[in-house]
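Heavy atoms only: backbone and side chains are in, while hydrogens, waters and symmetry mates are out. So you know, we letter chains A, B, ... as the sequences are listed, proteins then strands, and number each from 1.
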Amino acid sequence: MEEAVKYELLHECKQTGARRGRIYTPHGIIETPVFMPVGTQATVKSLTPEELKEEIGAQIILANTYHLYLRPGQKIVKEAGGLHKFMNWDRPILTDSGGFQVFSLGDLRTITEEGVEFKSHLDGSKHFFSPESVMQTEEDLGADIIMAFDECVEYPSTYEYTKQSMDRTTRWAKRCKQAHKTKNQALFGIIQGGFYEDLREKSAKDLVELDLPGYAIGGISVGEPKEEFLKMLYYTAPLMPKEKPRYLMGVGTPDYLIEAVLAGIDMCDCVLPTRIARNGTALTWHGKIVVRNATYERDFTKLDEDCDCYTCKNYTKAYIRHLIKTNEILGVRLLSIHNLYFLTKLMERVRIEIEQDHLLDFKTQFYEEYGYTQKKGK
RNA sequence: GUGGAUGUAGCUCAGUUGGUUAGAGCGCUAGUUUGUGGCACUAGAGGCCGUGGGUUCGAGUCCCAUCUUCCACC
């Protein structure tokens with residue numbers, strides 16, 4: 001059977017084993033490892049798709065089933081001709097299933113074997129998601145890669161609950177596979193199991209048996225200490241098929257991204273760059289800077305001397321600070337452009353370092369320049 | 001000149017019949033942000049309560065004087 005998405009492994013870094021690859025999708029090729037900007041409501045907040053392509057060079061973006069189901073409703077997106085046409089983005093799109101929202105909605109939801117009943121955060125109205133309904137919604141949305149409906153358990157959770165939830169997520173993945181009909185979309189499974197190695201192993205093993213076209217690690221980077229994160233990451237990644245894309249959900253910061261790649265991950269996504277942009281913070285090659293702070297009031301230099309993004313080419317810290325302090329939309333836009341460009345460039349650099357078998361050297365050098373100390377970042 | 005009002009945090013104002021370390025909103029300062037319920041959240045700094053006197057155990061609060069600003073009237 002012809003798969004919608006295929007992975008090609010181009011090279012493994014001799015220093016680290018990190019993977020340099022390509023993902024072929026109905027909307028083009030993705031060079032991996034890749035960072036995927038998040039556009040929850042069919043928009044990467046404050047940016048146009050043209051800016052994402054031309055100024056940032058984003059290869060693929062995310063959208064969210066939960067949010068688009070609530071507004072405008074998947075039927076409208078379908079009528080528009082699918083997400084790509086609706087939002088005028090012709091590169092690959094991945095839709096998350098709403099599993100994370102189930103987790104973050106907290107007491108607004110009830111989980112049963114059948115699915116999840118939840119109350120809309122918008123108006124309190126009751127709704128129900130099942131693996132089958134989510135597959136239908138994701139098909140209507142029309143992304144290239146669609147995520148199985150899972151449950152992301154919070155940290156910390158008991159062994160008992162995590163096991164129960166993980167097995168249910170596996171059963172839901174089977175139901176997703178069965179319900180999934182379209183041939184031009186790839187259904188990815190999500191490995192759960194919290195912070196218990198045997199549960200991670202079981203989850204991975206059971207899901208791999210389903211022979212899905214790609215796999216993700218879910219349920220980490222949910223507030224645990226970094227050591228825990230790294231332990232589960234390095235334990236779980238090798239359990240994922242080598243010939244398929246490996247996606248780590250919800251990461252992140254530059255150090256987490258590099259660690260993910262070192263562990264053999266191909267794809268990551270995170271709201272961080274756009275979220276902190278809205279709160280006046282920039283990521284740079286020399287560390288994080290809160291440009292909103294008073295110290296930049298008269299700083300007429302660019303955010304990062306080593307950055308050639310649209311923002312850095314044209315604007316100063318003092319100006320961006322002024323825009324953020326006065327709540328001007330342009331401040332958010334300029335910082336979003338810069339932060340996304342930075343993570344995109346970071347991954348581009350990582351790809352080159354893998355090809356040249358120097359990723360470990362790069363990590364050391366980058367950490368030093370970024371300012372991660374031994375105790376802070378490891 | 002006369003009468004009335006006003007003066008409390010950087011700004012706009014609350015402060016009950018006089019009673020513990022004088023509050024709020026905004027602003028300011030800093031921290032947080034990791035499959036977006038976030039233009040959000042958390043914390044912090046900052047007041048001889050216009051000034052001087054008086055009454056009282058105790059005054060931002062009452063009395064007198066004085067100054068500031070505003071309004072009205074001669």
Under a 4.0 Å N-O cut-off, is there an ion pair linking [X] with [Y]?
X        : Y        : value
A:Lys226 : A:Asp255 : yes
A:Arg20  : A:Glu353 : no
A:Arg246 : A:Asp266 : no
A:Lys53  : A:Asp90  : yes
A:Glu139 : A:Lys181 : no
A:Asp167 : A:Lys163 : yes
A:Asp211 : A:Lys244 : yes

Give none if [N] has no partner; otherwise give the nucleotide forming a Watson-Crick or G-U wobble pair with it, both distances under 3.5 Å.
N     : result
B:G31 : B:C41
B:C26 : B:G10
B:U69 : B:A5
B:G19 : B:C57

Atom [atom1] of [X] and atom [atom2] of [N]: how far apart are they, to the nearest Å?
X        : N     : atom1 : atom2 : answer
A:Leu233 : B:U34 : CG    : C1'   : 13 Å
A:Leu283 : B:U34 : CG    : P     : 13 Å
A:Leu340 : B:U34 : CG    : P     : 16 Å
A:Asp255 : B:U33 : CG    : P     : 11 Å
A:Asn327 : B:A40 : CG    : C1'   : 11 Å
A:Asn339 : B:U34 : CG    : P     : 14 Å
A:Trp172 : B:G35 : CH2   : P     : 20 Å
A:Ile190 : B:G35 : CD1   : C1'   : 7 Å

Looking across every strand, which nucleic acid part, if any, lies under 4.0 Å from [X] by heavy atom: base, sugar-phosphate, or nothing?
X        : value
A:Gln192 : base
A:Leu62  : sugar-phosphate
A:Gly219 : base
A:Val332 : nothing
A:Arg321 : sugar-phosphate

Next item on the list: Under 4.0 Å from any atom of RNA chain B, heavy atoms only: list the residues of residues 262-277 of chain A that qualify, in numerical order.
Entry: A:Asp269, A:Cys270, A:Val271, A:Leu272, A:Thr274, A:Arg275, A:Ile276
Next item on the list: Would you jot down, in residue-number order, the residues of residues 125-142 of chain A having a non-hydrogen atom under 4.0 Å from RNA chain B?
Entry: none
Notebook entry, point to check: If you measure only the distance, is there a donor-acceptor pair under 3.5 Å linking the side chains of A:Asp123 and A:Ser120?
Noted result: yes
Next item on the list: Tell me yes or no: between the side chains of A:His121 and A:Tyr66, is some donor less than 3.5 Å from an acceptor?
Entry: yes
Euclidean distance for [atom1], [N] against [M] (whole angstrom):
N     : M     : atom1 : answer
B:G50 : B:G60 : C1'   : 12 Å
B:G1  : B:G7  : P     : 23 Å
B:A9  : B:G46 : C1'   : 6 Å
B:G19 : B:U33 : P     : 45 Å
B:U56 : B:A72 : P     : 42 Å
B:U55 : B:G18 : C1'   : 11 Å
B:C11 : B:C48 : P     : 12 Å
B:A22 : B:G15 : C1'   : 8 Å

Check: Going by the angle between their ring planes, with limits at 30° and 60°, are A:Trp285 and A:Phe366 parallel, tilted or perpendicular?
Finding: perpendicular
Within the pair [X] and [N], is there a side-chain N or O less than 4.0 Å away from OP1 or OP2?
X        : N     : answer
A:Gln41  : B:U36 : no
A:Gln101 : B:G35 : no
A:Asn293 : B:A30 : yes

Item checked: Linked, directly or transitively: A:Leu47 and A:Ile329 (ILVMFWY side chains, under 4.5 Å) -> no
Indicate, yes or no, whether a donor-acceptor pair under 3.5 Å links the base of [N] to the side chain of [X].
X        : N     : result
A:Asn64  : B:G35 : no
A:Arg292 : B:U32 : yes
A:Ser104 : B:U36 : no

Check: Is the NZ atom of A:Lys174 crowded by more than 12 outside heavy atoms at less than 6.0 Å?
Finding: no
Check: Where the side chain of A:Arg278 is concerned, which of B:G35, B:U34, B:G38 is the nearest nucleotide?
Finding: B:G38
Notebook entry, point to check: Among B:G31, B:U34, B:G35, which nucleotide sits nearest the side chain of A:Val251?
Noted result: B:U34
Next item on the list: Could you tell me whether A:Lys231 sits above the aromatic face of A:Tyr235, with NZ or CZ closer than 6.0 angstrom to the six-membered ring centre and within 45 degrees of the axis?
Entry: no
Notebook entry, point to check: Quick one: on RNA chain B, does A:Lys325 or A:Ala63 contact a more 5' nucleotide (nearest heavy atom)?
Noted result: A:Lys325
Check: Between A:Cys152 and A:Ala294, which has a closest nucleotide on RNA chain B that is more 5'?
Finding: A:Ala294
